[in-house]
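Presented below is the structure to which this report refers.
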Amino acid sequence: MSDPQVVASRYADGDASGGRSPADRSHDPARRRLWKAAIKWPMYSVAVMPVLLAAGWWAGQGQAPRLDQLLAFLVAAVLLLGWENLANDVFDADTGVDRLGKPHSLVNLTGRRERVAQLANGCLLLGLALFALVAARSTPLVLALVLGCCALGYAYQGPPLRLGYRGLGEPLCWLAFGPLATAAALLALAPTAAAGIPWRAALLLGSGPALATTLVLFCSHFHQVEQDASHGKLSPVVKLGTAAAAALVPWFIALALALQWAPVLLGRWPLTALLGMVGLPSARSLIQLLREHHDAPERIAGSKFLALRFQAFNGLGLALGLAIGPWLPLR
């Protein structure tokens with residue numbers, strides 16, 4: 001079985017080795033699956049989406065985005081999301097919430113909390129250094145906005161706030177990946193120096209895709225309701241219950257799409273921006289899965305990846321649609 005949750009019992013005592021020798025563990029398929037789940041490379045689509053959307057938006061305005069800035073922004077964003085993921089493993093290890101329900105936590109896998117914390121801090125420093133370079137080539141506002149994103153990311157799980165434990169993770173996620181990250185990306189890729197923060201463009205461009213990103217976080221709670229509740233982590237799914245939370249998912253998707261379709265209907269974006277609809281098949285699968293199995297953790301552990309597929313295809317479709325709009329006479 002490929003679901004990392006099915007091997008949780010082997011690691012429930014905190015021994016990531018499973019009682020086997022290093023040679024045996026290196027050839028353990030279950031352990032390799034846990035490492036694959038720990039790396040969770042598909043999740044990094046949420047990190048790169050704001051700058052890809054900004055690139056599509058600038059191209060749609062008839063101005064080529066700065067490719068050197070685009071590449072640096074992409075790498076820096078991946079590093080900062082790596083910090084966020086690693087730091088969350090460390091903070092959740094401190095509260096014990098991941099002890100039974102998340103065998104693919106890097107702290108559980110390695111048993112080395114301090115090493116994981118050091119790796120997280122290294123990703124943070126490298127990411128901020130790259131963003132400082134991006135800011136030096138554009139405007140200091142880029143770094144200020146990125147630092148705001150980092151502050152929200154820390155407040156999500158970091159002590160003493162731990163706002164994610166109070167059910168506030170989703171609004172923080174929307175703010176960070178929506179107006180803040182999108183504004184930073186628009187400034188970083190701007191062909192000419194900007195006089196201020198483009199809040200209007202950032203809200204118009206980033207609101208819908210950021211809601212799709214927030215849906216990924218929302219869906220990550222479904223399979224761990226019992227563990228979260230027992231450790232005082234009051235996620236929205238814990239507060240609402242799985243049935244009511246599952247009923248909200250279609251509304252997440254509908255609002256994300258509505259925020260993208262409204263500029264098209266108002267004539268501000270080309271019809272090609274509707275390419276974001278390529279994410280709809282994944283959205284439909286997600287809705288059906290949660291409607292039928294919302295209270296079966298072993299069945300819905302992968303729901304966040306369906307949400308992630310919707311987020312990735314929707315965002316890439318929108319970015320491409322905006323970019324090719326000037327080339328197609330569709331209005």
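We're numbering straight along the sequence, starting at 1.
Every pair tested for salt bridge (Lys or Arg N to Asp or Glu O under 4.0 Å) that includes a residue from residues 274-294 fails, sequence neighbours excluded, so the list is empty. Under the salt bridge (Lys or Arg N to Asp or Glu O under 4.0 Å) criterion, no residue pair touches residues 158-168, with sequence neighbours excluded. Residue pairs meeting the side chain to side chain donor-acceptor pair (under 3.5 Å) criterion with at least one member in residues 57-67, sequence neighbours excluded, do not occur. Sorted by first and then second residue, the salt bridge (Lys or Arg N to Asp or Glu O under 4.0 Å) pairs involving residues 145-160 (not counting sequence neighbours) form an empty list. Contacts classified as side chain to side chain donor-acceptor pair (under 3.5 Å) and involving residues 117-131 (residues at least two apart or in different chains) are not found. Within the structure, the side chain to side chain donor-acceptor pair (under 3.5 Å) test picks out no pair touching residues 178-196 (sequence neighbours left out). Applying the salt bridge (Lys or Arg N to Asp or Glu O under 4.0 Å) test to every pair with at least one member in residues 181-191, sequence neighbours left out, gives no pairs at all. Residue pairs that meet the side chain to side chain donor-acceptor pair (under 3.5 Å) test with at least one member in residues 249-260, sequence neighbours left out, are Gln260-Asn314.
Leu266 belongs to no multi-residue hydrophobic cluster, having no ILVMFWY side-chain contact under 4.5 Å with any other such residue.
Residues forming a side chain to side chain contact (heavy atoms under 4.5 Å, CB included) with Pro281 (at least two apart in sequence, or on another chain): none. In this structure Ser138 satisfies the side chain to side chain donor-acceptor pair (under 3.5 Å) test with no other residue, sequence neighbours excluded. Partners of Glu170 under the side chain to side chain donor-acceptor pair (under 3.5 Å) rule, at least two apart in sequence or in another chain, are His221.
We find the CG-OG1 distance between Leu320 and Thr272 to be 8.0 Å, quoted to the nearest 0.5 Å. Between the OG1 atom in Thr242 and the NE2 atom in His223 there is a gap of 13.5 Å [rounded to 0.5 Å]. Between the CG atom of Leu119 and the CG atom of Asp89 there is a distance of 10.5 Å, given to the nearest 0.5 Å.
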